[in-house]
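What follows is a single structure, written as structure tokens, with notes after it.
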Amino acid sequence: MGDTIRRWALSAVGTAVTGSLALGGAASVDLLGVPTDHLEVMSPSGLTVDPGAVGVHPLGAHSVVVEDGAVRVVEGEQTVWSNAPGAAFLSAGTGHVSWEEHRGYFWADVNHDRQWTAQQLTGVEAAPGSVTLTGDLVSADGAVPFTVSFTERADGGVAADVDTGATSAGGDDPVLQWIGGRSAGAGVHGFGEQFDDFNLDGRLVPVVAREQGVGRGEQPLTLLADVTNGGAGGTTSMTYAAWPSYVTGDLQGVRVDPDDEAAHAFAVGDTRTPDRVGLEVWAPSMRLELTRGDTPAHLIATQQGSVERPRLADWTQQGAIVGIQGGTDTVRETVDRLEASGTEVAGVWLQDWTGQRTTDFGDRLWWTWQLDEQRYPGWEQLVGELHDRGIRTTTYVNPWLVDAAPKNDPGIRNLWAEARDAGLLVRAPDGNPYMVDQGGYSAALVDFTNPAGRDWMSTVIAEEVLANGVDGFMADFGEALPMDAVLHDGDATLMHNAWPRLWSEVVREGCEKAGRPDCVTWFRAGTSGMDSQSPAFWNGDQMVGWSEEDGLASALAGTFAAGVSGWPVVHSDIGGYTSVNLQLTDYVRDAELLARWGEYAAFGPMFRSHEGNRPAVNRQVFDPEEIDAFARNSRIFAALAPYRAEVLDEAARTGVPAIRHMWLTHPGTAAAGADDQFMLGGSLLVAPVMAPGQTEVAVSLPPGTWRHLITGQVYQGDSTITVAAPIGSPAAFIDNAHPLADQLVGAVGAAVHGPGGQSG
């Protein structure tokens, strides 16, 4: 990330008293009062069906089949959705969710006061284009009516409009739970960008956007972050980007319609029972989309629908987008050094364009969203000069504003004061602008529920952020709307998860106002529907390490989940972001990690580096010892551009992700169970090295004939092989039947050996 609220935890973690480890992880957390989620979901009872409702009820190309104790939606002989055998598929209740929050971290405390979990289906009404089920949800306290109306979706599958008679009472909020059946133990995938196992079976999954944590289970880092900073270590279920959408190994999918208000309500996925998946949504009604596919890829394409997605600009595919800070002269010198090394440089990412400020927690950015002319004198000339060399300039912005007065820069506007005076800021309960501590300074959010606020901020993006030839930017944050905020329109608890989408819409409006529909933007905070607004996303913060919890391996896991949830183009910061000195361990990235992360990114949709939160102590891609590896990986990335163009076109058209879990491309094969390798598109397989000191990898090849992109060696598929993978020779294979196979093997081989013909 560019400039993160997560940074507030790092300094204190670095000076933590390590004696707390003696208590043991869980005991330490409990004794010291570290906040945690307290999740609770309703337990469905049985389903009874009135004999008069039994039958097959046509619905266009589908049918709704009602039997004793069972309801199914079918398409021909294929099941689109069904209830779990004998179990209610709908429950309702009332209750409340309390929130504890601190600087972008949120913890839910879920309580149900009333529940109606036994379902009695008493009637079916068939009308042209719809089939509606009616009945009651029952508990010891009485019953409430329900209706579920099925209609066909124009883009495939069936919609289910769900409503009940459960209403808020005594200040309680209504909650619904939809329960779908699955084959015993069938995989469950999605729920947004989950940095966890690809198969989320056996879990409660909270659906809320929030800071993802520092360590997320990696020890001792997580424990120290938790006990010294009130839960900042995070958990495996914390993510910047969560939404109610999942698919199963039965080739069935369920998601709340992204355009329905319920799509952004707090929700909990429940996969703990092997024959079902529960989705509990804190909303009075919801519109669900039920989908099946002939293959996993077809399932994703059908579920994601006919969305018009922005294309990722061609220039991003020509090489590296290099993260550089320090000012005009530093940028020029660094670009010269990179190009002299043989690096393919497509762009620069200059996050400090607004200036840098120093706090107790390190170097931060000025969130004033105007050029710092002292740091970047001759900015327009620099941008133009780079453009003439074929290098585009990108920068940074987020939805927060700080008071510009302390910057003492008479050449800029005070955007915070302007927005305050115009009533465009999110308000606190006392009616004043909601100033949130960022660790050394405070900032306020522009209120995107206010049309005037949206218009004002999008104009700032058009006139300031995209001025002077800038081609795009990191659109950071979006996950930290306080739950008790007062908005121009709506309840903050319902708008919290919607905020990333509102932010993406404002950004898209800014690009359009600037006359830049090809503007390249990338987001980390997310909810459903954002793929219609932005061409790319990124994983957010990872540690500068290897771990599955919060390092290089976690980036791949998050990309897999995001890809089947509706983010088709996802990349990561090369080398990770978060570095911290724990005294026990100084978490810094070394040359090996930087090289291996670069190899992983070379086979992704974007190739972008980041200096990290502690640039001075971490290896950088343009350092003398690292520059050759970075140059080599940038050339590999550029060499794959012709193939990747097909992949990105498919991702934009269909929503099928660029980086794919093997289950998406080769279901039913041994390779489909491999979580440590991936496909770029449908024909290029990569088994990245994701552990230190590793010089060979085991690769599960799908059926077919596969050619090593670098050595040219041919392997027969449907087998597991072990291949050498020293730094500089990543284990990557092209389907030998692909029409570009010969071209790619030649181009990648030349890229590895460098401009002078020597391995670089």
Side-chain angles (χ1 to χ4, degrees), residues 1-11 14 103 321-335 347-380 382-383 386 393-416 436-444 460-461 464-465 467-468 470 472-477 524 541 544 573 575-581 588-589 608-623:
M1 150 180 333
D3 189 45
T4 174
I5 205 168
R6 189 187 195 200
R7 184 189 298 260
W8 71 272
L10 302 182
S11 177
R103 292 171 169 169
I321 301 173
V322 187
I324 308 171
Q325 299 182 87
T328 302
D329 291 342
T330 299
V331 171
R332 284 198 176 101
E333 188 276 331
T334 302
V335 169
V348 292
W349 174 51
L350 312 180
Q351 66 166 359
D352 62 339
W353 72 287
T354 61
Q356 199 171 74
R357 67 193 301 178
T358 301
T359 73
D360 291 341
F361 302 107
D363 293 332
R364 303 289 299 275
L365 306 179
W366 276 98
W367 297 354
T368 51
W369 313 138
Q370 293 154 92
L371 177 67
D372 187 316
E373 295 184 357
Q374 290 188 339
R375 192 171 186 84
Y376 282 98
W379 172 261
E380 188 171 2
L382 172 66
V383 174
L386 291 172
T393 299
T394 62
T395 60
Y396 173 93
V397 69
N398 69 50
W400 296 90
L401 296 173
V402 297
D403 185 356
K407 192 171 190 286
N408 295 316
D409 185 347
I412 64 171
R413 299 154 56 191
N414 191 333
L415 297 177
W416 173 84
V436 177
D437 180 13
Q438 306 292 329
Y441 56 91
S442 296
V460 168
I461 289 171
E464 302 289 353
V465 184
N468 301 312
V470 168
F473 48 86
M474 172 185 280
D476 205 355
F477 286 88
R524 67 150 192 195
D541 298 355
V544 290
D573 297 327
Y577 170 79
T578 306
S579 170
V580 57
N581 187 352
V588 294
R589 63 187 177 205
R608 181 183 57 81
S609 68
H610 197 316
E611 290 188 350
N613 68 299
R614 294 199 296 159
V617 298
N618 280 271
R619 298 291 185 99
Q620 301 298 334
V621 298
F622 40 73
D623 288 344

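All residue numbers in this chain count up from 1 along the given sequence.
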When the ring centroid of W367 is compared with that of F477, is the distance short of 6.0 Å? yes

Within the structure provided, determine whether L415 and Q370 are in side-chain contact (heavy-atom separation under 4.5 Å). yes

Taking side chain to side chain donor-acceptor pair (under 3.5 Å) as the definition, give me every residue that meets it alongside E611, ordered by chain and number, with sequence neighbours left out. Q325

Not counting sequence neighbours, which residues clear salt bridge (Lys or Arg N to Asp or Glu O under 4.0 Å) with E333? List them please. R337

With rounding to the nearest 0.5 angstrom, report the OG1 to CZ distance, T394 to R608. 8.0 Å

Any heavy-atom pair between the side chains of Q620 and R589 that's under 4.5 Å? yes

May I ask you to decide if N398's main-chain N or O and D476's side chain share a donor-acceptor pair within less than 3.5 Å? no

For Y441, does the six-membered ring have the charged nitrogen or CZ of R357 within the cation-pi criterion, i.e. under 6.0 angstrom from the centroid and within 45° of the normal? yes

So does N613 get a backbone contact from the side chain of S579, meaning a donor-acceptor N/O pair under 3.5 Å? no

CD of E373 to OG1 of T328: how many Å apart, nearest 0.5 Å? 10.5 Å

Are the side chains of V402 and W416 in touch, meaning some heavy atoms are under 4.5 Å apart? no

Ignoring hydrogens, what is the shortest heavy-atom contact between T368 and A404? Give both atom names and the distance. CG2-CB, 3.8 Å

Got a donor-acceptor contact below 3.5 angstrom from the R364 side chain to the Q438 backbone? yes

Please give me the minimum heavy-atom distance between V470 and V383, naming the atom from each residue. N-CG1, 4.3 Å

Trace of the side-chain contact (heavy atoms from CB on, under 4.5 Å) decision for F473 with I461: CA-CA 10 Å; F473 48 86; I461 289 171; 3.8 Å; yes

Within the structure provided, determine whether V335 and I324 are in side-chain contact (heavy-atom separation under 4.5 Å). yes

Please step through side-chain contact (heavy atoms from CB on, under 4.5 Å) for the pair V331 and L386, ending with a clear verdict. CA-CA 10 Å; V331 171; L386 291 172; 4.3 Å; yes

Close side-chain approach of K407 to D372, heavy-atom, < 4.5 Å: yes

What's the spacing between M474 CE and Q351 CD if we round to 0.5 Å? 7.0 Å

State whether the side chain of N618 and the backbone N or O of V588 hold a donor-acceptor pair below 3.5 Å, judged by distance alone. no

Report yes if the side chains of W400 and V436 come closer than 4.5 Å at any heavy-atom pair, otherwise no. yes

Let's go through W353 and L365 carefully: what are the C-alpha distance in whole Å and the side-chain angles of both, what is the deciding distance for side-chain contact (heavy atoms from CB on, under 4.5 Å) to 0.1 Å, and is it a yes or a no? CA-CA 9 Å; W353 72 287; L365 306 179; over 6 Å; no

With rounding to the nearest 0.5 Å, note down the distance linking OH in Y376 to CG in N468. 14.0 Å

Taking all atoms of both residues into account, what is the closest heavy-atom pair of R614 and V580, and its distance? NH2-C, 3.5 Å

Between T354 and W369, is there a side-chain heavy-atom distance shorter than 4.5 Å? yes

Do the non-hydrogen side-chain atoms of T393 and L350 ever get within less than 4.5 Å of each other? yes

